Structure formats: C-alpha cells, structure tokens
Amino acid sequence: MNDCLFCKIIAGEIPSTKVYEDDSVLAFRDINPQAPVHILVIPKTHIASIADITPENSGVIAHISEVIAHIAREQGLNEGFRVCTNTGAHGCQSVKHLHFHLLGGRQLSERLG
Ligand code: 5GP
Ligand code: ZN
C-alpha cells in the first residue's frame, strides 16, 4: 500500500490545482502558499527526496529543470524566483516524495536557513 500524499495527488485520489502535467512530471499549487506564486513540481515516479537521486533516475531532474523554467515563464516570473527542495529532518521535509518548491511573485527574503 502506498500511503504517499503526493502519489495520491498524482493518482487523482486527492484534488489539487494543477498548473502543468506531462508523462513524468506534475506541478500544482501549494495548499499553504508562502508567496504569490508557490508551486510544487514533482516526478510522477515515487522518489523520496533528492538524496535518493542516482544515475538511474537522475534524468527526471533534468526534465524537471526544463519544466520549472517553462512554468516560471508562463507565470510571468521575469523578475526572478526561488527553487528549493527540503530534504530530510534538518531540511524540514514534511512530505517524503521529492518536490521542488517554485516561489515567486514578490521580493523574497535573503535568508535561506
Ligand atoms: P515540505 O515541507 O515537505 O518541503 O513541503 C511540503 C509542502 O506540501 C508544504 O509546502 C505544504 O503546504 C504542501 N502540502 C501539504 N499537503 C498538501 C496537499 O494536500 N495539497 C497541496 N497542494 N499541498 C500540500
Ligand atoms: Zn510518492
């Protein structure tokens, strides 16, 4: 049984506001946005975090980078934006399915940690 929240969103078992989808990647709005644009970009295959990227599955990361650039253009983030992926306990990762936060639409703080 797969209890992963984001796998359930991919399967359509939990609703989400999708902004992009293709065969291997889904992007949807964060339920608790921390900026005017706050989108989560995830691989459709279950990968727990970026710490689980290997030569066998790293291709999806290159593709996600292209998708992020595409979404940023589409969302009008021409003044800039931030991409981050929280990892593990020290990184405050709460959902254990790899996701990239795409944040923008206002001047973001200089602080990262
Ligand atoms: P993390 O803390 O793991 O880096 O980020 C998890 C993100 O998922 C949080 O920003 C949180 O608001 C978001 N989130 C948690 N549950 C849901 C949900 O059911 N739907 C959506 N769209 N976002 C969620
Ligand atoms: Zn998952």
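In each ligand, atom 1 is the first atom listed, and ligand 1 is the first ligand listed. Not measured: the values here are computed from a predicted model. All heavy atoms count here, side chains included; hydrogens, waters and symmetry mates do not.
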**OP:** Could you say whether the N/O atoms of Ile31 and ligand 1 ever approach to under 3.5 Å?
**Re:** yes
Original post:
In Å, rounded to the nearest 0.5 Å, how long is the span from OH of Tyr20 to CD1 of Ile64?
Top reply: 10.5 Å
Subject >> Whether Phe28 and Phe6 hold their rings parallel, tilted or perpendicular, with breakpoints at 30° and 60° >> reply: perpendicular
Original post:
Considering distance alone, does some N or O of Ser16 sit under 3.5 Å from an N or O of ligand 1?
Top reply: no
Subject >> N or O pair under 3.5 Å between Gln34 and ligand 1 >> reply: no
Original post:
Closest non-hydrogen protein atom to atom 1 (P) of ligand 1, residue and atom name please, with distance?
Top reply: His99 NE2, 3.1 Å
**OP:** Please confirm whether Gln93 comes within less than 3.5 Å of ligand 1 when only nitrogen or oxygen atoms on both sides are compared.
**Re:** no
Subject >> Within less than 2.8 Å of the Zn ion (ligand 2): protein N, O or S atom count >> reply: 4
Subject >> Donor-acceptor contact below 3.5 Å, side chain Asp52 vs main chain Asn57 >> reply: no
Subject >> Phe100 and ligand 1 - part of the residue with a heavy-atom distance under 4.0 Å >> reply: neither
Subject >> side chain to side chain donor-acceptor pair (under 3.5 Å): pairs with one or both residues in residues 85-98, sequence neighbours excluded >> reply: His46-His97
**OP:** Go through ligand 1 atom by atom and flag the ones less than 4.0 Å from a non-hydrogen atom of Ser94.
**Re:** 1 (P), 2 (O), 3 (O), 5 (O), 6 (C)
**OP:** Give yes if a backbone or side-chain nitrogen or oxygen of Phe6 is under 3.5 Å from a nitrogen or oxygen of ligand 1, and no if not.
**Re:** no
Original post:
Just heavy atoms, cut-off under 4.0 Å: does Thr85 contact ligand 1 by side chain, backbone, both, or neither?
Top reply: neither
